[in-house]
Amino acid sequence: MAGKPKLHYTKGRGRMESVRWLLAAAGVEFEEEFIEKKEDLEKLWSDGSLLFQQVPMVEIDGMKMVQTRAILSYIAGKYNLYGKDLKERAWIDMYVEGTTDLMGMIMHLPLHSGDTKEKHLALIIERATNRYFPVYEKALKDHGHDYLVGNKLSWADIHLLEAILMTEECKPGILSAFPLLQAFKGRISNVPTIKKFLQPGSQRKPPPDDKYIANVRKIFNV
Ligand code: GSN
């Protein structure tokens, strides 16, 4: 039997957090090897483990997978979270790309400072409220099921819940105008595997603090 997937990344959210979410939601146990300093990354470079000299990297099924989107699609497909046909897959991809764009904005927030940070935060709140959340609210209303696509949990639901929780960390109460998203949040948070991941002590990572960001800047030269 294949061993547990092994995740190589820093000990923080970044681009790996969605991989942790997806594996946890699928009920898959995984191991983590943390990159704590530049030399840890250089070791992965020098032993040829990183196709494009970048992480996230996930050892899974005999592959050393890189490129976050490829890793996530593989896991979603393998664990039946990627729709029942090409059209469902297309909808999942569209919803996931929307939440990826929103999460990307949030991920970059700690790299800003002062006035620019305030402006970036205001843009996140504006985009979440006027561009992204209305789409998911309407999707749930029109679709009439508990999930975004089909009548079954998919990668799109897991990714949206992650995005909702990240956005609420930026602005508590941001869901107040979105009743169906509030109910969705409660429902998906109660899926047993996800409920477990949301509890303290899981492999979910906290929001980045200044110390973490300073170390990430050193490791990746950003
Ligand atoms: O989505 C992906 O996995 C790739 N398209 C980008 C991965 C990436 O930018 N990785 C960074 C660190 S994590 N940042 O968000 C990285 O490995 N940078 C080191 C380098 O030399 O580029």
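Just follow the structure's listing: the first ligand is 1, and inside any ligand the first atom is 1.
When each atom of ligand 1 is checked for a heavy atom of Gln53 under 4.0 Å away, the hits are 19 (C), 20 (C), 21 (O). Close approach of ligand 1 to Thr68 is summarised as follows: ligand atoms under 4.0 Å from at least one heavy atom of the residue are 1 (O), 2 (C), 3 (O).
Using 4.0 Å as the threshold, Pro56 has a heavy atom nearer than that to some atom of ligand 1.
Residue Arg15 places at least one N or O, backbone or side chain, under 3.5 Å from an N or O of ligand 1. Looking at Gln67 next to ligand 1, an N or O pair under 3.5 Å apart turns up. The distance criterion of under 3.5 Å between nitrogen or oxygen atoms is met by Val55 with respect to ligand 1.
With a heavy-atom cut-off of 4.0 Å, Tyr9 touches ligand 1 through its side chain alone. Heavy atoms from both the backbone and the side chain of Gln54 come within less than 4.0 Å of ligand 1.
Looking at Glu162 and Thr99, their side chains never bring a donor and an acceptor atom within 3.5 Å of each other.
For atom 18 (N) of ligand 1, the closest heavy atom belonging to the protein is Phe220 CD2, 3.6 Å.
Salt bridge status for Lys205 with Glu32: present, with a side-chain N to carboxylate O gap under 4.0 Å. Checked for salt-bridge contact, Arg89 and Asp93 miss the test: no charged N lies under 4.0 Å from a carboxylate O.
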Please determine whether side-chain contact (heavy atoms from CB on, under 4.5 Å) holds for the pair Val19 and Tyr9, giving the CA-CA distance in whole Å, both sets of side-chain angles, and the decisive distance to 0.1 Å. CA-CA 11 Å; Val19 177; Tyr9 200 69; over 6 Å; no
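When side chains are defined from C-beta on, Leu22 does not count as touching His159, because their heavy atoms never get closer than 4.5 Å. Taking the side chain as every heavy atom from C-beta outward, Arg20 and Phe30 approach each other to under 4.5 Å.
Between Tyr136 and Tyr95, the angle of the ring planes lies from 30° to 60°, which puts this pair in the tilted group.
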